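Residues take their numbers from the sequence shown, with the count starting at 1. Values in this document were obtained by computation on a predicted structure and should not be read as measured data.
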Amino acid sequence: WQDEGVPVYAHRLLARLPEVLQRRLLDASMRLGLAGQFSLFRMMKSTLLEIGADRQELTCAFESCRDLGPHFVATFRQLSIQVARQAKREDDHFRAAIYALIADAASNDPAEKWKNYQLAIPQCEAFFSTRLPRIERVRLPYREAGLRALFAAPPAADAAIIFVPGNDEPKEWMIPMIDVACAHGLAALAIDLPGYGESFLLGTRLDGTGALVDCAGAAMSYLKARKITKAAAFGVSLGGLLCHLLASLEPAIAASAGLGGPFDLNWLFAHVPCFQRDHFVLAAGGQAAAKKIIDELAVEKILGDVRRPALVMHGSRDEVVPVRDAHQLQRAIGAHAELRLIDGGDHMANPHLHTQTEFAIGWLKTRIGE
């Protein structure tokens with residue numbers, strides 16, 4: 001079945017229902033073990049496994065969840081605590097952090113979100129302490145509040161990749177991508193955008209184009225203070241669009257690569273379930289603010305100002321953002337854009353996320369000096 005030329009999946013049918021009914025059905029699907037029927041959950045689990053979650057732990061946790069709210073949060077918090085207590089290797093600490101941040105995906109209350117980070121941060125620090133180059137938790141000079149980010153740099157690195165997470169991903173989910181950048185001799189800066197992750201807890205909100213301008217400026221200011229003068233941007237999901245917007249708004253960003261980026265935000269947010277829209281609404285500061293931001297971003301106009309190389313990457317089996325959006329992004333950017341369709345890849349290019357990350361970082365590295 002096609003609607004507006006786009007396949008209709010279960011989550012898109014769900015998105016058409018009143019929000020109260022959506023939440024009841026989502027809770028019931030978790031309780032009955034049917035959540036896997038939604039491509040969104042399949043994609044999330046595939047991505048979590050790709051970045052370091054344990055298949056058995058993840059499967060058992062999902063199967064024991066009775067809702068997509070308090071019980072989901074409690075289940076993954078408890079899993080985080082259990083893995084942390086039994087940790088013997090550095091990767092165990094990272095897994096514990098991942099599980100605490102999965103809990104954060106179902107938390108909208110700032111106090112509850114802070115509890116998740118209180119579990120995740122010490123585990124991240126334990127993980128970082130054993131690595132070279134060491135990953136640092138840093139604060140970028142953004143307005144009065146600042147932005148939270150992760151930074152790592154091999155010796156003598158003079159160029160960096162700025163990593164831009166999506167609507168559902170905290171910066172910590174991009175740690176495997178940081179590793180790829182460092183292996184290429186590049187520094188890496190993964191940012192919680194205004195309104196997301198720890199940056200949300202600092203009081204920031206994604207309040208329009210100005211927030212993106214200030215965010216890009218904050219990233220470049222931080223990198224220059226670390227004696228890094230050249231940078232490119234790589235984003236996934238919503239970040240797969242925002243990385244190109246940042247490159248248009250900040251001249252110091254020499255190139256951009258986006259995976260699974262949307263083009264038509266109005267269409268997208270009308271076709272994803274309420275729990276995904278909640279993240280964006282929370283980041284914006286409310287329903288009215290979210291609608292205002294989508295209207296203000298003027299995606300096509302801003303993309304038309306991109307004057308640097310841009311790589312548009314999209315899975316051929318993306319069930320979240322239609323493949324047509326990749327073609328629209330390429331057309332909007334124009335001659336500077338290169339399109340790469342990933343055969344069989346989902347929204348996060350699974351099962352090819354690692355190889356596609358390698359390709360993107362290599363592609364960006366060759367263009368940073370242009």
Side-chain angles (χ1 to χ4, degrees), residues 1-45 47 61-76 102-113 116 166-169 195-197 200 205-208 237-238 241 260-297 299 318-325 346-348:
W1 179 21
Q2 300 267 325
D3 184 5
E4 302 180 64
V6 176
V8 175
Y9 299 105
H11 69 269
R12 291 182 184 154
L13 292 173
L14 181 71
R16 298 180 178 185
L17 301 175
E19 189 169 311
V20 172
L21 186 53
Q22 284 189 52
R23 295 188 186 282
R24 289 177 180 171
L25 288 173
L26 284 166
D27 287 348
S29 72
M30 295 297 294
R31 192 162 52 251
L32 297 171
L34 299 175
Q37 300 301 312
F38 291 95
S39 55
L40 290 172
F41 287 100
R42 291 198 303 272
M43 181 271 295
M44 181 171 72
K45 289 178 70 174
T47 304
F62 270 102
E63 287 179 351
S64 66
C65 287
R66 307 269 66 87
D67 61 31
L68 195 59
H71 194 266
F72 183 97
V73 173
T75 297
F76 277 97
I102 298 172
D104 199 61
S107 306
N108 290 326
D109 183 302
E112 293 300 311
K113 295 178 81 65
N116 298 324
N167 189 53
D168 295 330
E169 299 91 18
Y196 288 97
F200 168 81
R205 296 296 178 266
L206 187 65
D207 56 8
S237 192
L238 180 60
L241 165 65
F263 177 80
D264 188 343
L265 292 176
N266 275 304
W267 186 94
L268 179 65
F269 284 102
H271 289 80
V272 294
C274 55
F275 75 90
Q276 283 198 301
R277 288 199 298 270
D278 286 348
H279 297 309
F280 188 76
V281 169
L282 201 64
Q287 291 277 1
K291 180 66 169 66
K292 179 176 179 292
I293 290 167
I294 290 174
D295 292 340
E296 181 194 328
L297 277 178
V299 168
D318 190 332
E319 298 177 347
V320 181
V321 177
V323 176
R324 70 179 184 190
D325 280 37
D346 67 11
H347 181 55
M348 289 290 288

Query raised in the report: How long is the gap from NE2 on His279 to CZ on Phe269, to the nearest 0.5 Å?
Result: 10.0 Å
Report summary line: What one should report as the nearest heavy-atom pair of His11 and Val320 is NE2-CA, 4.3 Å
Query raised in the report: With a 4.5 Å heavy-atom cut-off, do Thr75 and Phe62 have their side chains touching?
Result: no
Requested in this report: Please name the pair of heavy atoms, one in Gly261 and one in Asp325, separated by the smallest distance, quoted to 0.1 Å.
Outcome: O-CB, 4.1 Å
**Report entry** Stepwise side chain to side chain contact (heavy atoms under 4.5 Å, CB included) test for Val321 and Phe263
**Finding:** CA-CA 9 Å; Val321 177; Phe263 177 80; over 6 Å; no
Query raised in the report: If every non-hydrogen atom of Cys65 is compared with every non-hydrogen atom of His71, which pair is closest and at what distance?
Result: CA-ND1, 3.6 Å
Requested in this report: Hey, could you give me the CG/NE2 distance between Leu13 and His271, rounded to the nearest 0.5 Å?
Outcome: 9.5 Å
Query raised in the report: When rounded to the nearest 0.5 angstrom, what is the spacing between CG in Leu68 and CZ in Arg31?
Result: 11.5 Å
Query raised in the report: With a 4.5 Å heavy-atom cut-off, do Tyr196 and Asn167 have their side chains touching?
Result: yes
Report task. For Gly208 and Ile293, work out which heavy atoms get closest and say how close. Result -> N-CG1, 3.7 Å
**Report entry** Sub-4.5 Å side-chain heavy-atom contact between Leu282 and Asp278
**Finding:** no
Requested in this report: Mind telling me whether Phe72 and Phe76 have parallel, tilted or perpendicular rings, with 30° and 60° as the class edges?
Outcome: tilted
Query raised in the report: Looking at side-chain heavy atoms only, is the closest gap between Met30 and Asp67 below 4.5 Å?
Result: no
Query raised in the report: Do Ser107 and Glu112 have a side chain donor and acceptor closer than 3.5 Å?
Result: no
Query - Any side-chain heavy-atom pair of Gln276 and Asp168 under 4.5 Å - result: yes
Report summary line: One should read off an interatomic distance between Ser29 OG and Gln22 CD, to the nearest 0.5 angstrom, of 11.5 Å
**Report entry** Heavy-atom closest pair, residues Ala270 and Ala15
**Finding:** O-CB, 4.0 Å
**Report entry** Flag if over 12 foreign heavy atoms under 6.0 Å of CD, Gln287
**Finding:** no
Report task. Would you check, one step at a time, whether the test ring-ring contact (aromatic ring centres under 6.0 Å, His included) holds for Phe41 with Phe275? Result -> CA-CA 12 Å; Phe41 287 100; Phe275 75 90; 5.7 Å; yes
Query raised in the report: Taking C-beta and beyond as the side chain, do Asp295 and Asn266 meet within less than 4.5 Å on heavy atoms?
Result: yes
**Report entry** Pairwise side-chain contact, Leu238 with Leu265, heavy-atom cut-off 4.5 Å (strictly under)
**Finding:** yes
Query raised in the report: How about Val281 and Asn108: do any of their side-chain heavy atoms sit closer than 4.5 Å?
Result: no
